[in-house]
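As structure tokens, the structure follows; a few thoughts come after it.
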Protein chains: 2
Amino acid sequence: MDSTSPDLLGEFAADRLLLGRSSTVQKVADVLRGRIAAGALRSGTRLSEEALGGALGVSRNTLREAFRVLAHERLVVHEMNRGVFVRSLGPADVADIYVTRRALETAGLRAATGSSRLAAVSEAVAAGESAARDGDWAAVADADLRFHRAIGGLTGSERIDAYLAGLLAELRLAFAVMADPRALHEPFLRRNREIAELLVDGRTGRAEAELIRYLDDAQALIVARMRQHQETE
Amino acid sequence: MDSTSPDLLGEFAADRLLLGRSSTVQKVADVLRGRIAAGALRSGTRLSEEALGGALGVSRNTLREAFRVLAHERLVVHEMNRGVFVRSLGPADVADIYVTRRALETAGLRAATGSSRLAAVSEAVAAGESAARDGDWAAVADADLRFHRAIGGLTGSERIDAYLAGLLAELRLAFAVMADPRALHEPFLRRNREIAELLVDGRTGRAEAELIRYLDDAQALIVARMRQHQETE
DNA sequence: GGCTAGGTTGTTGTTGAACAATTCCACAAG
DNA sequence: CTTGTGGAATTGTTCAACAACAACCTAGCC
């Protein structure tokens, strides 16, 4: 019998990353990342090695390895001899993140012309609108993240995608603090579509101007909410 | 007696990062990072936990924590149940890095107008020329890195600076393979100065065009050398 | 010869316990 | 109200052990 066809093998090769997901350290990091994104672990919370290790059923050494990767992702802060804490974002951090987003996402727009990856952008827009119709605002938030990652993905750069994914994960630290995801994401649904349509029409200059205004507004909204939240505390 | 003046305290607060530099894990990561950048650890070398731990006088657990941070910096590849290896860069990696550099460094140029940080750019150019006059090509390479970090630094973003630093550290993986740093850096000394002067003159559009050509040429040079090196092997 | 099966060896993955170093808290003293 | 001084709790780091896995080697088979 002939061996498995080469192109079929190629498809499986793409799944290797999903398979390699074992390793207790990775799983622990995934769990903590999820808990932080979901807001279950509030900013500033101290992550005790003994308590967390006991709860998750892993040893302190394994947990510390997971802490190292989360610290490098800036989701957690490691203070020498004091422990690790869930990161808390200030307005300066948000400003820094948005400067970086502007740099990376506008690079995507400048690479958009004729890209085959534009489909992913449109798909994310459609998914967001569909979720909004269902009133599923968590799904809207997810689609919004996908939209922006897809814009960065227009560069075709694996690193830019990884950076953007990290930046958006950091921003969830700010989202988690404030309720009402609807007020946060609904106003941007229409603007997502607008930018996507400008892109498929090849009007990338105009799309870039719109995206920059979009990001400025989003940043201002988040900072305003942050200050408001800080007062009511 | 009055308490210490607030502004003086502020200066000390800036030194906190320098103090927290202990931690065996950090020191081990620093050592390995340095060895990799210097080319003492060639690409593909396997880093045995037992051997390295013994040589450095640290435990396997500590070493594994250091491996996690280096892996996140992409200087090292962690293969499950097989160990960690010094990363080896291919032309596709170099292309990816340069796409990202173009995105980040052009963002710096667009933020250059009237920035007080332009001084750091000019300083790096001068340092490079001075080192070239002395024939110290390692110092020229350092100054070149400083130049590009300073360009990204024009954005004022801490994250962009961190990303650029990481990308340039990755590139050293490619530099380490090939000898003759002079041929690699000398042609770009004049172009560094040209870009810096365009910047202080406020001609940022022209500077951006020059920088993009610069990066294209550098990428092509590195890829050419990589292929050449691969053949002679 | 070339290929497959199966055991051997060396390395990594993970755990648990131990001890030193450090921070934090409370409390006493000036 | 600031400055020492304990002691308790937590982190930093090491060590030893074992399971799990990958690479290598050998033997046997067609």
Side-chain angles (χ1 to χ4, degrees), chain A residues 1-4 12-13 15-32 41 44-72 75-88, chain B residues 1-6 8-9 12-13 15-32 41 44-72 75-88:
Chain A
M1 184 180 178
D2 269 347
S3 83
T4 318
F12 277 101
D15 294 342
R16 274 174 61 177
L17 280 180
L18 277 86
L19 278 219
R21 288 209 122 211
S22 39
S23 160
T24 312
V25 174
Q26 287 290 348
K27 283 187 275 192
V28 169
D30 287 346
V31 167
L32 292 178
L41 291 171
T45 305
R46 162 130 165 267
L47 302 178
S48 156
E49 295 184 357
E50 190 168 291
L52 242 187
L56 290 172
V58 300
S59 80
R60 275 182 64 210
N61 289 319
T62 299
L63 189 55
R64 284 174 63 88
E65 283 189 42
F67 283 165
R68 289 283 174 192
V69 350
L70 294 175
H72 208 284
L75 295 180
V76 121
V77 180
H78 190 154
E79 297 187 21
M80 183 69 168
N81 284 318
R82 288 184 20 90
V84 320
F85 303 81
V86 178
R87 182 103 185 285
S88 63
Chain B
M1 185 180 178
D2 271 345
S3 84
T4 318
S5 80
L8 199 56
L9 289 179
F12 277 101
D15 293 341
R16 275 173 61 176
L17 280 180
L18 276 87
L19 279 215
R21 285 211 124 212
S22 40
S23 160
T24 312
V25 175
Q26 287 290 347
K27 284 187 275 191
V28 170
D30 287 346
V31 168
L32 293 177
L41 291 171
T45 306
R46 161 129 166 268
L47 302 178
S48 156
E49 294 185 358
E50 192 167 288
L52 243 186
L56 291 172
V58 301
S59 79
R60 277 183 62 209
N61 297 71
T62 299
L63 190 55
R64 285 174 62 88
E65 284 189 40
F67 282 166
R68 290 282 173 192
V69 351
L70 294 175
H72 208 284
L75 295 180
V76 120
V77 180
H78 190 154
E79 296 187 22
M80 183 70 168
N81 283 320
R82 283 182 26 86
V84 321
F85 303 81
V86 178
R87 181 104 184 284
S88 64

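Every chain is numbered from 1 and lettered A, B, ... according to where its sequence line falls, protein lines coming before strand lines. On a predicted model such as this, the values are computed, not experimentally measured, just so you know.
- The distance from the OG1 atom of T62(A) to the CD atom of Q26(A) is 12.5 Å, given to the nearest 0.5 Å.
- Between the CZ atom of F85(A) and the C1' atom of dT10(D) there is a distance of 10 Å, given to the nearest Å.
- Here dT13(D) is the nucleotide among dT14(C), dA22(D), dT13(D) with the atom lying nearest to any side-chain atom of T62(B).
- Contact of R60(B) with dG13(C) (side chain to base): a donor-acceptor pair of N or O atoms is detected under 3.5 Å.
- Here CG of L32(B) is found 7.0 Å from CG of L63(B). Values are rounded to the nearest 0.5 Å.
- Between T24(A) and dT14(C) there is a side-chain N or O to OP1 or OP2 distance below 4.0 Å.
- Atom CD in Q26(B) sits roughly 15 Å away from atom C1' in dT13(D) (whole-Å rounding).
- Nearest-nucleotide positions on DNA chain C for N81(A) and N81(B) put N81(B) closer to the 5' end.
- Applying the 4.0 Å criterion to OP1 and OP2 of dG12(D), one finds that R64(A) has a side-chain N or O inside that range.
- Taking atom CD of residue E49(A) and atom C1' of nucleotide dT15(C), one finds them 15 Å apart after rounding to whole Å.
- Tested against V86(A) for a side chain to side chain contact (heavy atoms under 4.5 Å, CB included), the candidates L41(A), L70(A), V77(A), L75(A) yield a single pass: L41(A).
- Among the atoms of the strands shown, none is found under 4.0 Å from any heavy atom of G53(B).
- Put simply, CZ on R64(B) and CZ on R68(A) are 13.5 Å apart, with the number rounded to the nearest 0.5 Å.
- Spacing between atom CE of M80(A) and atom P of dT22(C) amounts to 8 Å, rounded to whole angstrom units.
- The distance between atom CG of N61(B) and atom P of dT15(C), rounded to the nearest whole Å, is 11 Å.
- Across the protein-nucleic acid pair, L56(B) atom CG and dT14(D) atom P stand 10 Å apart, rounded to whole Å.
- Atom-to-atom distance recorded for F67(A):CZ and R60(A):CZ is 10.0 Å, nearest 0.5 angstrom.
- Taking only side-chain nitrogens and oxygens, R46(B) never comes nearer than 4.0 Å to OP1 or OP2 of dT11(C).
- Proximity note for R82(B) (side chain, C-beta onward) versus dA22(D), dT10(D), dT14(C): the nearest is dA22(D).
- At least one side-chain nitrogen or oxygen of H78(A) sits closer than 4.0 Å to the OP1 or OP2 atom of dG12(D).
- Here the P atom of nucleotide dG16(C) and the CD atom of E65(A) are 15 Å apart, to the nearest Å.
- When the C1' atom of dT14(C) is taken as reference, atom CZ of R68(B) falls 11 Å away, rounded to whole Å.
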